[in-house]
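See structure below.
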Amino acid sequence: MVRNQSRCFLGIIITISFFFFLLSLPNTFASPTRSLCRSDQRDALLELKKEFPIHSNGSRHVTTLSWNKTVDCCSWEGVTCDATLGEVISLNLVSYIANTSLKSSSSLFKLRHLRHLELSNCNLQGEIPSSIGNLSHLTYLDLSYNKLVGEFPASIGNLNNLEYMDLSENDLIGNIPTSFSNLTKLFELYLNGNQFTGGDIVLANLTSLSIINLSFNYFKSTISADLSQLHNLERFWVYNNSFFGPFPSFLLTIPSLVDIVLSENQFEGPINFGNTTSSSKLTELDVSYNNLDGLIPKSISTLVSLENLDLRGNNFRGEVPSSISKLVNLDRLYLSHNNFGGQVPSSIFKLVNLEHLDLSHNNFGGQVPSSISKLVNLSSLDLSYNKFEGQVPQCIWRSSKLDSVDLSYNSFNSFGKILEPTKDQLERDWDLSSNSLQGPIPQWICNFRYFSFLDFSNNHLNGSIPQCLKNSTDFYMLNLRNNSLSGFMPDLCMDGSMLRSLDVSLNNLVGKLPKSFINCEWMKYLNVRGNKIKDTFPFWLGSLEYLTVLVLRSNTFYGPVYKASAYLGFPSMRIMDISNNNFVGSLPQDYFANWTEMSSVWQRPMPTRYRPIPGSNYMGDSRNKHQDSIDLVYKGVDTDFVRIFQGFKAIDFSGNQLSGSIPGSIGLLSELRLLNLSGNAFTGNIPPSLANITKLETLDLSRNNLSGEIPRGLGKLSFLSNINFSHNHLEGLVPQSTQFGSQNCSSFMGNPRLYGLERICGEIHVPIPTSPHPEEPLLEPEETVLNWIAAAIAFGPGVFCGLVIGHIFTSYKHKWLMVKFCRNKRKTTIGTS
């Protein structure tokens, strides 16, 4: 009985299961044809695909490539649909290269249920159409990093569900429209990197705002006190505008504020922290590069949560208040470019969490307190451009975290009592230049493995460069310029060396240029000027692919600068100065043929979303922190270039004994700015190809043996402002151009057969021409008188002979004369008809 009941119950379960299985069959077999995407939404997306043609060169992924009718549009890349209704609610085409404008009739605005729209970095152009207001369900809008122009459409106010808006890095102009006041749910607003000029007052109504970023615009107004009503505001960034007026201390009354960045505006007057709430959450206050002045108030101690305080580039004065020691959470303190004075207050050294301390460009003086060693977390220290003296702080050598130190332009005179530094793998960046350091470079410098930058230039160091550096220490940039170092240069370039820049100029180094430099495959800058190096021309440096600047000036190098078997040329060279040596020999006509960088137009790498720091305009390190410098004879004056413009190209071979013709290939160097071949023994004509160097600014060919005329084409070089052809054997007419007419007379002295210099030198200097043009006779008055006297003396005999010969012709040859005359006349008429 029990068994029968069990069987019956099991049969019922199987029957019910089979029933539900049958019910599910239609859905199971129909699922391949069932589509979530609505047809109108699909069609709108396909129309949008046509509006956004593919312009990718293969380097970027194309989101819409997979969009087609055979696949449910809700599964298309970048598309999200409502799971129930099938409406497109999210569209993400970030970094799609559209290269088009958004039109009012765009099918984009048919997707009226969109909540999330991201079209950043799509190269969109033109104005934002008013149709944007149709997307009233939007909560998230990102059109950043495009090329949108014009003003905000007022219809933006229809997007009253918007919580996030990013229109940064476009070219939008005008005021923020008053319709913005409808966006009461807006939580984050990014309008940075445009050209807005006003309307910021409307933001006071948007009480939900947590982040406001108006930086890099053209706002020119005071900060409205009404913004104090934004009780949810956490980050307020308005740097790089033209806001003015007093420091907006009312912002400190907003208890939720975490970041205030007001840098690079025109705020002025004293700074006041009196309104700060006791519960302030402020972690960053940046008012750098304004016109604020006065003392730092003691009430700064109320900002107890502060981690970053940046007061750089103002007119603050006096001493730093001791109350700053209460900012125990501070890890970045920037006080540079002000008028602070006196000794560095010991209260700063109680901020044990400090990682970055910048007191540069002030009037601090005396010795650096030893208590600076308490800043055990310090990684960056800048005390440059002050009046510090005495010993260099010992913590520099001992710290295992301090990787960046700048003590330049002070009066430090000693490395101090040296304690053996700790060996570590830290990459250091030290600048101790322009002090009064004396004695040898300490040997313990070899204990440090890496230096991205080491600068001991412009001191009074003596002795030799430590030889141990060749085995222990790797440099990126090393500058020992202008000391009294002697001895031989060590082999700094062993295998794998990263040395990019070496400056040992203005010392007393002897010997030869180390051949190990050929191992410095990354070398860009080499300057050994003003030493006593005696060697032949380093042809082998031509194998360094990146060598850009080579300065051998004022040594005792000798021999030819060209050998067919050794010369490689210098394809990457921008500046070469080998002046004032003992180089000899001639240069072949194709000597400069492969100096290709000299003809390349330099363009600055622009910032991008993924590389926000642009390439530097000046030669130096890749982080734009340090620049190379150089001394050159520029426009006849010894000039110190503290920075070298990337597009500057120069060749100085002056003060040697080079001979033969100037190579015609010099004309290939179309971007050359400076050419100095003076003080050699060049002969022959000035090559006409020089006229192809259209950027040339200064040209010095003086003190050679050049002959012939000055090429007329040089008169058309519009940038040419300094010319010197003096003391050669030039002749003929000087080009009559503005560039030549503005030169000093001394630029042409010592060429007695030049003429056309009246405008330059005055009537006093008018040389005798070698081949005057008929239309420009240069006869003196005395010469004219003598010619008339000679004509008068010859007049009488001439008349008598003429009468006798005329009588003979008319008496015996009359018929012959008439026939010949008529034939000649007929021929002349035909020839001219």
Side-chain angles (χ1 to χ4, degrees), residues 239-240 247 261-271 285-296 300 308-321 324 330-349 351 354-369 372 375 378-390 392-393 395-396 402-413 429-437 453 455-459 479 616 618 620-621 623-627 629 640-643:
Y239 55 92
N240 229 295
F247 171 72
V261 184
L262 309 176
S263 59
E264 297 185 71
N265 280 284
Q266 298 172 23
F267 296 111
E268 57 188 5
I271 194 168
L285 176 61
D286 185 349
V287 295
S288 60
Y289 299 102
N290 280 282
N291 299 313
L292 299 170
D293 56 29
L295 306 175
I296 298 178
I300 195 172
N308 178 20
L309 177 60
D310 194 341
L311 306 180
R312 286 177 291 183
N314 284 285
N315 298 307
F316 294 116
R317 55 183 171 79
E319 296 185 352
V320 179
I324 202 171
L330 209 61
D331 61 30
R332 286 161 288 168
L333 177 59
Y334 304 106
L335 303 180
S336 67
H337 294 87
N338 279 287
N339 296 311
F340 295 116
Q343 288 195 322
V344 179
S346 58
S347 55
I348 287 182
F349 305 127
L351 304 174
L354 267 186
E355 296 179 9
H356 305 276
L357 176 60
D358 186 354
L359 305 179
S360 64
H361 294 268
N362 278 290
N363 295 307
F364 292 114
Q367 292 196 352
V368 178
I372 193 174
L375 302 180
L378 206 61
S379 64
S380 172
L381 174 65
D382 192 346
L383 304 180
S384 62
Y385 289 90
N386 278 288
K387 299 175 182 177
F388 292 114
E389 56 190 20
V392 173
C395 66
I396 293 176
L402 192 57
D403 57 4
S404 178
V405 177
D406 191 347
L407 306 182
S408 62
Y409 292 92
N410 281 286
S411 298
F412 292 110
N413 57 21
D429 186 315
W430 286 359
D431 189 348
L432 282 80
S433 64
S434 301
N435 279 282
S436 300
L437 294 171
F453 181 79
D455 192 344
F456 284 157
S457 65
N458 300 314
N459 280 286
N479 191 347
S616 176
Y618 302 95
D621 67 347
R623 294 176 295 178
N624 302 346
K625 187 175 181 181
H626 302 292
Q627 281 91 34
S629 61
D640 185 9
F641 291 85
V642 294
R643 298 185 299 180

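Because only heavy atoms are used, hydrogens play no part in the values below, and waters and symmetry mates are left out as well, while side chains stay in.
Taking OG of Ser436 as the start and CG of Asn458 as the end, the distance is 10.5 Å to the nearest 0.5 Å. Atoms OH and OG, from Tyr239 and Ser288 in turn, are 11.0 Å apart once rounded to the nearest 0.5 Å. Atom CG of Leu359 sits about 8.5 Å away from atom OG of Ser336, to the nearest 0.5 Å. Interatomic distance, CG of Asp310 versus CG of Asp358, reported as 8.5 Å (0.5 Å rounding). One distance of note links CG of Leu311 with OG of Ser263; it measures 11.5 Å at 0.5 Å rounding. Put simply, OH on Tyr385 and OG on Ser408 are 5.5 Å apart, with the number rounded to the nearest 0.5 Å.
Contact record, Leu351 with Leu375: O-CD2, 3.3 Å, taken as the closest heavy-atom pair. Here the closest heavy-atom approach between residue Asn314 and residue Leu292 is recorded as OD1-N, 3.0 Å. Residues Gln627 and Tyr618 approach most closely at CG-CB, 3.7 Å, considering heavy atoms. Contact record, Leu378 with His356: CD1-N, 4.0 Å, taken as the closest heavy-atom pair. A pairwise comparison of heavy atoms in Leu354 and Arg332 identifies CD2-N, 3.8 Å as the closest pair. Nearest heavy atoms, Gly390 versus Gln367: CA-NE2, 3.9 Å.
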Phe247 and Asn290: CA distance, side-chain angles, deciding distance, side chain to side chain contact (heavy atoms under 4.5 Å, CB included) verdict: CA-CA 10 Å; Phe247 171 72; Asn290 280 282; over 6 Å; no
Derivation of the side chain to side chain contact (heavy atoms under 4.5 Å, CB included) call for His337 and Tyr289: CA-CA 9 Å; His337 294 87; Tyr289 299 102; 4.2 Å; yes
Intermediate values then yes/no, side chain to side chain contact (heavy atoms under 4.5 Å, CB included), Asp382 and Tyr334: CA-CA 9 Å; Asp382 192 346; Tyr334 304 106; over 6 Å; no
Worked verdict on Val368 versus Val344 for side chain to side chain contact (heavy atoms under 4.5 Å, CB included): CA-CA 7 Å; Val368 178; Val344 179; over 6 Å; no
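Looking at Leu335 and Phe340, their side chains come closer than 4.5 Å, going by heavy atoms from C-beta outward. Using a 4.5 Å heavy-atom cutoff, the side chains of Phe412 and Ser434 are not in contact. Within the 4.5 Å cutoff, no side-chain heavy atoms of Asp455 are placed close to those of Leu432. Residues Leu333 and Ile348 have side chains in contact (heavy-atom distance under 4.5 Å, counting atoms from C-beta outward). Using a 4.5 Å heavy-atom cutoff, the side chains of Ser360 and Asp406 are not in contact. You'll find the side chain of Leu407 stays beyond 4.5 Å of the side chain of Asp431, heavy atoms only. Asn413 has its side chain out of reach of Leu437: every pair of non-hydrogen atoms, C-beta onward, lies at least 4.5 Å apart.
Checking side-chain atoms of Asn339 against main-chain N and O of Gly341 turns up no donor-acceptor pair under 3.5 Å. Put simply, the side chain of Asn315 never gets that close to the backbone of Asp293: no donor and acceptor are under 3.5 Å apart. Not one N or O on the side chain of Asn386 forms a donor-acceptor pair closer than 3.5 Å with the backbone of Asn410. For the pair Asp286 (side chain) and Leu262 (backbone), a donor-acceptor distance under 3.5 Å is absent. With Asn435 contributing its side chain and Asn459 its backbone, the two residues share no donor-acceptor pair below 3.5 Å. Listed for the Asp331 side chain is no donor-acceptor partner under 3.5 Å among the backbone atoms of Glu355.
Ring-plane geometry between His626 and Phe453 is classed as parallel, the angle between the planes falling under 30 degrees on a 0 to 90 degree scale with a further cut at 60.
For Phe641, the ring-ring contact (aromatic ring centres under 6.0 Å, His included) partners are Tyr634, Phe648, not counting sequence neighbours. Checked against side-chain contact (heavy atoms from CB on, under 4.5 Å), Ser404 has the following partners two or more places apart in sequence or in another chain: Ser380, Asp429, Lys625. Scored by the side-chain contact (heavy atoms from CB on, under 4.5 Å) test, Ser347 finds Ser322, Ile324, Ser325, Pro345 as partners (sequence neighbours excluded).
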